[in-house]
Amino acid sequence: MNRGAIAALFATGVAALAVIILAARGVSDAGTNSVSTTGQPGAPVSPFEGALMPAGVKAPDFKLRDERGRRVTMREYRGRPVVVTFLYSHCHDTCPIQAQQIKGALDQLGHDVPALAISVDPARDTPRSVARFDAEQGVTGRIRWVLGRESQLRPLWDGYHTTSELPSQEHLARLVLVDKRGFQRVGYPSQQVTPERLAHDIRLLEKG
């Protein structure tokens, strides 16, 4: 092999080594300078799979009735994380999916945690229609509904920044995890929820 070929091979090897070193340095930098869920470079990375909610936002309190006519409040769940979602019993697309995501997460946990479904269609969500929905989705006794008049439920929709179901508008499908102290901690658009992500974040809140 002539000297020119040897020199070319040496140059190629040096260049490849430089690429490897730079790539390794890039991975290291990415690990130490990750952008947190708050968007601030250098801030601690969130351990949660869902999006962190703004600090200090309380879950709206209420005193309403569930699908069995029993009184249900937010305060009664203090000391435990709570899954909060927004469903209507005549829904045939997003709501069954959300119910199955919650069911799957509870199955993965191996135990149930409080899960509340706040009605977004108060005029049509009746104990009978809710019972049918729960039976179809296999979540009877695992998801507790919050029912009431529109005037009673609207403060909850507003407090969680969601919308009601209207003939001209589909409700905003989302899910929120409330921590043991009653603060909204983690949020998910419906399309980003998976049983695995949800179970992971519930475990963190149970430890906190």
Side-chain angles (χ1 to χ4, degrees), residues 46-53 57 59-60 62 64-68 70 72-74 76-122 124-127 129-148 153 156-157 159-165 170-180 182-208:
S46 168
F48 293 101
E49 294 287 336
L52 277 181
M53 305 289 287
V57 179
F62 56 85
L64 293 170
R65 297 287 173 180
D66 66 10
E67 70 277 12
R68 297 183 182 180
R70 301 168 301 180
V72 54
T73 72
M74 193 72 224
E76 71 185 84
Y77 294 113
R78 198 63 51 84
R80 291 178 286 173
V82 183
V83 181
V84 179
T85 191
F86 309 89
L87 307 178
Y88 66 102
S89 56
H90 297 277
C91 176
H92 299 290
D93 40 48
T94 58
C95 298
I97 293 173
Q98 288 182 77
Q100 291 304 312
Q101 301 286 27
I102 294 171
K103 178 183 177 183
L106 299 182
D107 288 344
Q108 289 204 14
L109 286 172
H111 61 273
D112 284 358
V113 299
L116 298 178
I118 297 174
S119 167
V120 292
D121 188 9
R124 296 196 301 161
D125 283 337
T126 65
S129 67
V130 167
R132 183 186 67 248
F133 177 94
D134 287 354
E136 290 175 350
Q137 301 307 318
V139 294
T140 301
R142 305 187 81 182
I143 296 179
R144 190 178 186 187
W145 287 66
V146 179
L147 305 179
L153 293 170
L156 303 186
W157 304 334
Y160 286 105
H161 302 287
T162 191
T163 57
S164 60
E165 179 67 18
E170 176 72 16
H171 79 290
L172 181 60
R174 63 192 302 262
L175 187 148
V176 175
L177 293 182
V178 175
D179 68 16
K180 296 178 181 180
F183 289 98
Q184 300 182 45
R185 287 290 298 280
V186 186
Y188 313 78
S190 62
Q191 66 272 20
Q192 294 182 10
V193 182
T194 67
E196 294 77 15
R197 299 181 75 192
L198 191 54
H200 172 273
D201 289 351
I202 292 172
R203 288 190 187 100
L204 291 181
L205 291 179
E206 287 182 321
K207 294 175 182 177

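Rounded to the nearest 0.5 angstrom, His92 NE2 and Phe133 CZ are separated by 9.5 Å. To the nearest 0.5 Å, the span separating CZ on Arg124 from NE2 on His90 amounts to 5.0 Å. For the atom pair CG of Leu87 and CD1 of Ile118, the computed distance is 9.5 Å after rounding to the nearest 0.5 Å. Between the CZ atom in Phe86 and the OG1 atom in Thr162 there is a gap of 5.5 Å [rounded to 0.5 Å].
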request  = Go through the steps for Phe183 and Val57 under the test side chain to side chain contact (heavy atoms under 4.5 Å, CB included), then give the verdict.
outcome  = CA-CA 6 Å; Phe183 289 98; Val57 179; 5.8 Å; no
task = Please lay out, stage by stage, how Met74 and Leu116 fare under the test side chain to side chain contact (heavy atoms under 4.5 Å, CB included).
result = CA-CA 9 Å; Met74 193 72 224; Leu116 298 178; 4.2 Å; yes
request  = Go through Lys180 and Tyr77 one step at a time and tell me if the side chain to side chain contact (heavy atoms under 4.5 Å, CB included) criterion holds.
outcome  = CA-CA 8 Å; Lys180 296 178 181 180; Tyr77 294 113; over 6 Å; no
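For the pair Val130/Tyr88, no side-chain contact is recorded, criterion being any heavy-atom separation below 4.5 Å from C-beta on. Under the 4.5 Å side-chain criterion, counting only non-hydrogen atoms from C-beta, Leu177 is in contact with Val83. Put simply, the side chain of Val193 does not reach to within 4.5 Å of the side chain of Arg174, judged on heavy atoms. Taking 4.5 Å as the limit, some side-chain heavy atom of Asp66 sits within range of a side-chain heavy atom of Arg70. A 4.5 Å side-chain heavy-atom check between Ile102 and Arg142 finds every atom pair outside the cut-off. At a threshold of 4.5 Å between non-hydrogen side-chain atoms, the residues Pro127 and Trp145 do not count as touching. A 4.5 Å side-chain heavy-atom check between Val146 and Phe62 finds at least one atom pair inside the cut-off. You'll find the side chain of Leu106 reaches within 4.5 Å of the side chain of Val113, heavy atoms only.
Taking the side chain to side chain donor-acceptor pair (under 3.5 Å) definition, one finds that Gln101 meets it with nothing, sequence neighbours left out. Residues satisfying the side-chain contact (heavy atoms from CB on, under 4.5 Å) criterion with Arg65, sequence neighbours excluded, are Arg71. A search for side chain to side chain donor-acceptor pair (under 3.5 Å) contacts involving Ser89 returns Asp125, Ser129, not counting sequence neighbours. Scanning for side-chain contact (heavy atoms from CB on, under 4.5 Å) contacts around Pro60 gives Leu156, Tyr160, Gln184, with sequence neighbours left out. Taking the side-chain contact (heavy atoms from CB on, under 4.5 Å) definition, one finds that Glu76 meets it with Val72, Thr73, Arg144, sequence neighbours left out.
The two residues Pro122 and Gly148 have their closest heavy-atom pair at CB-O, 3.1 Å. Scanning all heavy atoms of the two residues, the minimum distance from Asp121 to Ser119 falls at N-OG, 3.2 Å. Heavy atoms only, all atoms of each residue included: Ala135 and Thr140 are closest at N-OG1, 3.5 Å. Between Pro195 and Gly104, the shortest heavy-atom distance links the atoms CB-C, 3.6 Å.
A donor-acceptor contact shorter than 3.5 Å links the side chain of Gln100 to the backbone of Gln137.
A salt bridge does not link Asp179 to Arg78: none of the charged nitrogens lies less than 4.0 Å from a carboxylate oxygen.
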Contacts under 3.5 angstrom, residues 196-208 side chains, donor-acceptor by atom type, not counting sequence neighbours:
residue, atom, partner, partner atom, Å
Glu196, OE2, Gln108, NE2, 3.1
Arg197, NH1, Gln192, O, 2.6
Arg197, NH2, Glu49, O, 2.2
Asp201, OD1, Glu49, N, 2.7
Asp201, OD2, Glu49, N, 3.1
Asp201, OD2, Gly50, N, 2.8
Asp201, OD2, Tyr188, OH, 2.4
Arg203, NH2, Gln108, O, 3.3
Glu206, OE2, His111, NE2, 2.7

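Side-chain contact annotation: Ser190 with Gln98, donor-acceptor N/O pair under 3.5 Å absent.
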